[in-house]
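The structure appears right after this line, and notes come after that.
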Amino acid sequence: MEHVVPFAIILGLFGLIIGSLLNAAAMRVLSQQPVAFPPPHCAHCNRSPALRDMIPLASYALLKGKCRYCGERICKSYPAAEAATAAAFIWIGAHFGPLRSEWIAGLLLVSVLIVITITDIKCMIIPDKVVFTGVAAALAVRVFLHPLPVWDYLAGAAIGFTALYVLAVVSRGGIGGGDIKLYLFIGLLLGIKLTILSLAAASILGTVYGVSIIIAGKHKRQPLPFGPFIAAGSFFAFLYGEQWLNSYLSLFVF
């Protein structure tokens, strides 16, 4: 227990840096630019920021959200991604600690989910490049780290993909192809039970949000991105799914 807090803090600091990179990767994938090049630059004046302007969260706050050179607004997704990634990394570090290797799978899960959340919110797209890179990384992780049998993770990917595909057919396009392929990645990290639970959680969250904005009169008659709800459902299923299932099943044990 004494090692958990410093471990979580270290992961959080790491998450701040990774969050900035994930947002940049999302933006570049959407604009069909190479992920690694060119170096970071302002979208308005194309000038590269100085090192002092690249400190996660702090630089955005000190610059009041504006480019030092041209004064144009910096995209708010940068500090949002940095803060969200850091918080999620801390959460994972505190949950698993340094001795349970599932924290590695957790960081991979969060990283891909952060990217697809950004792209889905901005452009209603979950890019194949991101998903299939995640699938390859998830396969590599599960070869070496698998609390469950490897076949369980492979079956989770197949079940998640098939379930979303069936939903897409039944809803006549209500589910996008990106959402369907994303579950190949999620299933490989969660396994059968948690994949099904994550899908149920995502559906409930999406329904609650959709109904709430209709009641509030803010519905704009356009499709809602499902990726953020998949991300939230998968994250909490990964961390707490076993506890949820055990608590639920205990209600039927007399």
Side-chain angles (χ1 to χ4, degrees), residues 14-49 53-54 56-57 59-60 65 67 72-89 104-141 157 160-161 164-165 168 173 175-189 198 202 206 222-235 238:
F14 180 59
L16 283 174
I17 299 171
I18 294 300
S20 181
L21 297 176
L22 293 176
N23 186 77
M27 296 297 193
R28 293 186 179 201
V29 168
L30 288 175
S31 60
Q32 298 183 340
Q33 295 180 347
V35 173
F37 299 98
H41 59 278
C42 173
H44 302 282
C45 66
N46 287 323
R47 295 189 64 173
S48 296
D53 296 335
M54 297 177 67
L57 289 183
S59 292
Y60 184 88
C67 172
E72 293 291 335
R73 301 294 302 183
I74 299 170
C75 182
K76 292 181 180 179
S77 63
Y78 274 98
E82 291 163 0
T85 307
F89 277 27
I104 297 173
L107 298 194
L108 173 59
L109 178 69
V110 166
S111 296
V112 172
L113 294 181
I114 289 287
V115 175
I116 66 94
T117 296
I118 294 169
T119 61
D120 207 21
I121 289 175
K122 284 187 171 293
C123 297
M124 294 285 291
I125 293 172
I126 296 180
D128 286 350
K129 182 184 293 186
V130 175
V131 172
F132 292 129
T133 299
V135 167
L139 281 170
V141 166
F161 178 89
L164 263 292
Y165 181 80
I175 302 293
D179 299 323
I180 298 170
K181 287 174 278 192
L182 178 61
Y183 259 94
L184 290 173
F185 166 74
I186 291 170
L188 284 172
L189 290 180
S198 75
Q222 62 185 30
L224 292 174
F226 193 38
F229 303 110
I230 292 176
S234 299
F235 179 72
F238 179 76

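Starting from 1, each residue takes its place in the sequence as its number.
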Can you tell me how far the CD1 atom of Ile126 sits from the CD1 atom of Ile116, to the nearest 0.5 Å?
-> 4.5 Å
Exercise: identify the closest heavy-atom pair between Gly227 and Asp179 = N-OD1, 3.9 Å
Shortest non-hydrogen contact between Gly134 and Val112, atoms and distance | CA-CG2, 4.0 Å
Return yes if some donor-acceptor pair links the side-chain N/O of Glu82 with the main-chain N/O of Leu57 below 3.5 Å, else return no.
-> yes
Interatomic distance, Leu224 atom CG to Ile121 atom CD1 [nearest 0.5 angstrom] = 11.0 Å
Validation row: Phe185, Leu108 side chains within 4.5 angstrom (heavy atoms) = yes
Among Val135, Val131, Leu164, Leu139, find the residue that satisfies the side-chain contact (heavy atoms from CB on, under 4.5 Å) test when tested with Leu184.
-> Val135
For Thr117 against Ala231, the heavy-atom pair lying closest together = OG1-CB, 3.5 Å
Can you label the angle between the Phe229 ring and the Phe226 ring as parallel, tilted or perpendicular, going by 30° and 60°?
-> tilted
So, for Gly15 and Phe89, which heavy atoms are closest and what is the spacing to 0.1 Å?
-> CA-CD2, 3.4 Å
Gap between atom CG of Leu22 and atom CG of Leu113 - 0.5 Å precision | 10.5 Å
Enter the distance from Arg28:CZ to Gln33:CD here, rounded to the nearest 0.5 Å.
-> 6.0 Å
Straight-line distance of Leu21 CG to Thr85 OG1, nearest 0.5 Å | 9.5 Å
Side-chain heavy-atom pair Lys122, Met27 within 4.5 angstrom cut-off = yes
Any chance you could measure Leu182, atom CG, to Phe132, atom CZ, to the nearest 0.5 Å?
-> 10.5 Å
Would you call Lys181 and Asp128 a side-chain contact if the rule is heavy atoms closer than 4.5 Å?
-> yes
List the atom of His44, the atom of Arg73, and the distance in Å for their closest heavy-atom pair.
-> NE2-O, 3.5 Å
Applying side chain to side chain contact (heavy atoms under 4.5 Å, CB included), run through Tyr78 and Ser59 and close with a yes or a no.
-> CA-CA 11 Å; Tyr78 274 98; Ser59 292; over 6 Å; no
Under 3.5 Å, is there a donor-acceptor pair between the side chain of Thr119 and the main chain of Ile125?
-> yes
Is a side-chain donor or acceptor of Asp120 paired with a backbone partner of Pro225 at a separation under 3.5 angstrom?
-> no
Ser77-Asn23 side chain donor-acceptor pair, cut-off 3.5 Å | yes
How about Ser198 and Ile230: do any of their side-chain heavy atoms sit closer than 4.5 Å?
-> no
Identify the heavy atoms of Cys67 and Ile74 that sit nearest to each other, and give their distance.
-> N-CG1, 3.8 Å
Check whether any side-chain heavy atom of Tyr183 sits under 4.5 Å from a side-chain heavy atom of Ser234, and report yes or no.
-> yes
